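Since the structure comes first, as structure tokens, the remarks are kept for the end.
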Amino acid sequence: MKEGFSPRYDLNRVTGVITRIGHSAEGESIKDRILVIPTTKGGVAGGWAFNDLLHKGIAPKALVFGKLNPVMVQGAVLAKLPITEGWTRNALEDIRTGQRIRVDPAARTITVF
Amino acid sequence: MLRGEQGAAVQEAIRFQVEVGRFFGAEGFVRITNAHVMGDIEVMGDGGFGFLERIAGEGAKCRVATDSNARCMHFDDVACLKPDAKEEAKERRVVQILRDMRVATTDTCINYQTVYQPKLGEHVAWGDTGTVIYANSVFGARTNYEGGFSSFAAALTGRTPAYGFHLDAPRRGSIAVRLEATMRDVADWGAIGRIVGHPNQDYFAVPVIDGAKAMPLSDELKHLGASLASYGSMAMYHLVGVTPEAPTAAEAFGGRAPVSRMTITDADIENVYRSYRYAEGAKNVVVFSGPQLSIFEMQELAGRFAGRKVAPGMHVFVTTNHAIHSDASRLGYLRTLEEAGVTVLQGVCFYILQRLTEIRAENGWVNLVSNSAKLVNTITAHRFNTVLRRTADCVDIACTGVLR
């Protein structure tokens with residue numbers, strides 16, 4: 001997505017579809033996707049929300065942030081989702097929606113297939 | 001704790017904290033005096049509910065004074081805001097679980113006004129963004145955003161990983177903001193939050209705002225902080241000559257060079273109001289919430305609604321906590337508001353109401369007008385068309401039905 005993301009402000013947490021009017025990823029489902037997100041908005045909702053999404057079977061596979069806040073880490077640790085922060089190149093230019101990618105948080109690499 | 005001699009819940013909490021702390025390169029823990037936990041069924045879902053039930057069953061007890069954030073249901077009978085019966089039963093159970101864990105369920109997002117005021121340098125673990133930014137900025141206390149299980153974990157272990165705003169360096173200012181505008185309403189302070197926060201979304205950005213013409217009130221700083229946290233994901237600001245770590249701009253920056261500078265004029269604030277567009281709709285809401293109202297905000301609102309009536313097609317909601325609801329009742333503010341046709345909800349915040357998307361559709365509500373810059377930002381996933389207005393304008397819109 002091209003802008004900040006909050007599971008509370010932007011996402012319908014029943015369907016897993018981004019519903020905020022005018023969001024760059026409006027209408028996209030996050031289920032089983034790797035979310036590439038430049039920044040965070042808000043919010044403490046992410047602390048519980050990723051675990052809830054996992055429970056509902058609509059969680060993303062991994063979170064790739066440019067800049068994040070601690071809530072995203074707290075939420076990802078609870079839901080056991082891989083999470084990374086920091087880009088050496090602009091991931092929004094290198095990765096396009098729908099591409100297959102592999103994220104290796106330990107090696108700090110993203111491979112585009 | 002890690003070995004489990006203090007029980008499975010504490011062990012799970014400290015393991016979680018070690019993992020989070022490791023991500024941020026924390027070198028250790030700090031002891032905390034107070035925790036503020038957010039756990040409601042709307043955000044935690046069945047997954048979080050089961051999790052909480054399990055750790056409570058393992059005997060989890062808060063070892064520091066802990067209170068709770070606003071709930072997602074009001075438990076009063078308001079026909080147009082009906083929650084799911086099943087979810088309501090779970091929410092009641094969540095409240096009981098929290099009490100069993102020794103949480104004082106104050107159900108408030110303004111704990112800093114009504115429950116606990118930490119001192120300069122005091123470490124706490126607060127789990128709501130508006131509370132965090134108020135603690136760091138106005139009290140000079142120290143906390144990160146502690147979302148979900150994180151604040152519970154801190155309550156159970158009595159400590160939190162030492163990273164972010166617990167340390168000195170991240171508290172120094174990074175953005176220089178020259179305030180030239182004359183502030184007339186809490187909504188103006190919220191508008192600043194949007195102007196500064198939206199283009200600078202960064203948890204570690206710390207605006208230094210210089211130029212306040214009058215001493216800002218607690219409610220004004222509440223709206224400023226809630227808005228900065230909402231639009232910018234920020235956890236701290238300095239207001240030169242007002243907040244404790246900013247006697248001067250130089251001290252607020254602490255030797256760090258500002259990465260950017262901006263100036264805010266009266267025109268910038270007016271442009272924020274002008275940026276909102278009404279959508280076509282016969283039924284609309286005016287909401288005073290996000291954060292909950294203080295007793296003085298209740299008093300002001302009662303004065304503005306006295307002798308007036310909410311117009312046909314409009315619904316007006318106010319949210320506050322139980323303590324202020326009780327005082328407002330005793331002081332007659334509630335009666336004045338209710339006679340005008342205003343619905344006052346206690347222990348909740350509007351944007352976190354359970355099944356709000358459906359509630360909006362059932363009532364046919366289109367526009368949501370508010371004096372809270374935070375609220376008009378946070379509620380958008382539920383597809384309200386939101387409009388920010390000053391408090392007096394909100395009351396006029398509510399009582400005339402004219403969307404302006």
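In the text below, chain A, chain B and the rest are named by the order of the sequence lines, each starting its count at 1. Here the structure is a predicted model, which means the values were calculated and not measured.
In plain terms, the two heavy atoms of B/Thr131 and B/Cys109 that are nearest each other are CG2-O, 3.4 Å.
Residue with the most contacts toward chain A among B/Phe204, B/Phe49, B/Tyr351: B/Tyr351 (heavy-atom pairs, distance under 4.5 Å). Options A/Thr39, A/Val71, A/Val73, A/Ile83 differ in how many heavy-atom pairs under 4.5 Å they form with chain B, and the most are formed by A/Val73. The choice from B/Asn385, B/Ile379, B/Thr378 that makes the most heavy-atom pairs within less than 4.5 Å of chain A is B/Thr378. Of the listed residues (B/Ile352, B/Asn69, B/Thr380), the greatest number of heavy-atom pairs within a distance under 4.5 Å of chain A belongs to B/Thr380. Note: B/Glu19 leads B/Glu19, B/His198, B/Glu12 in heavy-atom pairs under 4.5 Å with chain A.
Listed in order of number, the residues of residues 11-35 of chain A that approach chain B to under 4.5 Å between heavy atoms are A/Leu11, A/Arg13, A/Thr19, A/Arg20, A/Ile21, A/Glu26. Inspection of non-hydrogen atoms places A/Asn51, A/Asp52, A/His55 of residues 51-61 of chain A under 4.5 Å from chain B.
For chain A, the nearby part of B/Phe51 is the side chain; its heavy atoms alone come within less than 4.5 Å. Both the backbone and the side chain of B/Glu146 come within contact range of chain A, each with at least one heavy atom under 4.5 Å from a heavy atom of that chain. Contact annotation for B/Phe23: only side-chain heavy atoms (C-beta onward) come within less than 4.5 Å of a heavy atom of chain A. For B/Asn377, the parts lying near chain A are the backbone and the side chain together; criterion is any non-hydrogen pair under 4.5 Å.
In this structure, the side chain of B/Arg360 engages the main chain of B/His382 through a donor-acceptor pair within 3.5 Å. With B/Ser289 contributing its side chain and B/Gln292 its backbone, the two residues share no donor-acceptor pair below 3.5 Å. Side-chain atoms of B/Tyr112 do not come within 3.5 Å of backbone N or O of B/Val132 as any donor-acceptor pair.
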Derivation and outcome, side-chain contact (heavy atoms from CB on, under 4.5 Å), residues B/Asp67 and B/Thr108
CA-CA 8 Å; B/Asp67 80 327; B/Thr108 186; 3.9 Å; yes
Under the criterion side-chain contact (heavy atoms from CB on, under 4.5 Å), I'd like the reasoning laid out for B/Gln201 against A/Thr40: C-alpha separation, chi angles, the key distance, then a yes or no.
CA-CA 7 Å; B/Gln201 280 175 4; A/Thr40 50; over 6 Å; no
Evaluate B/Ile359 against B/Gln354 for side-chain contact (heavy atoms from CB on, under 4.5 Å), listing each step before the verdict.
CA-CA 9 Å; B/Ile359 287 172; B/Gln354 193 260 333; over 6 Å; no
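Rounding to the nearest 0.5 angstrom, the gap separating the OG atom in B/Ser233 from the NZ atom in A/Lys67 is 11.0 Å. Atoms NE2 and CZ, on B/His166 and B/Phe29 in that order, are 11.0 Å from each other to the nearest 0.5 Å.
Here B/Glu362 pairs with B/Arg355 in a salt bridge; the nearest charged N to carboxylate O distance falls below 4.0 Å.
Taking the six-membered ring where the residue is Trp, the centroids of B/Phe165 and B/Tyr203 are separated by under 6.0 Å.
For the pair B/Leu375/B/Leu368, a side-chain contact is recorded, criterion being any heavy-atom separation below 4.5 Å from C-beta on. Inter-residue side-chain proximity for B/Gln11 and B/Leu2 is flagged as unmet; no heavy-atom pair is nearer than 4.5 Å.
Taking a 6.0 Å sphere around CZ of B/Arg54, one finds it holds more than 12 heavy atoms contributed by other residues, nucleotides or ligands.
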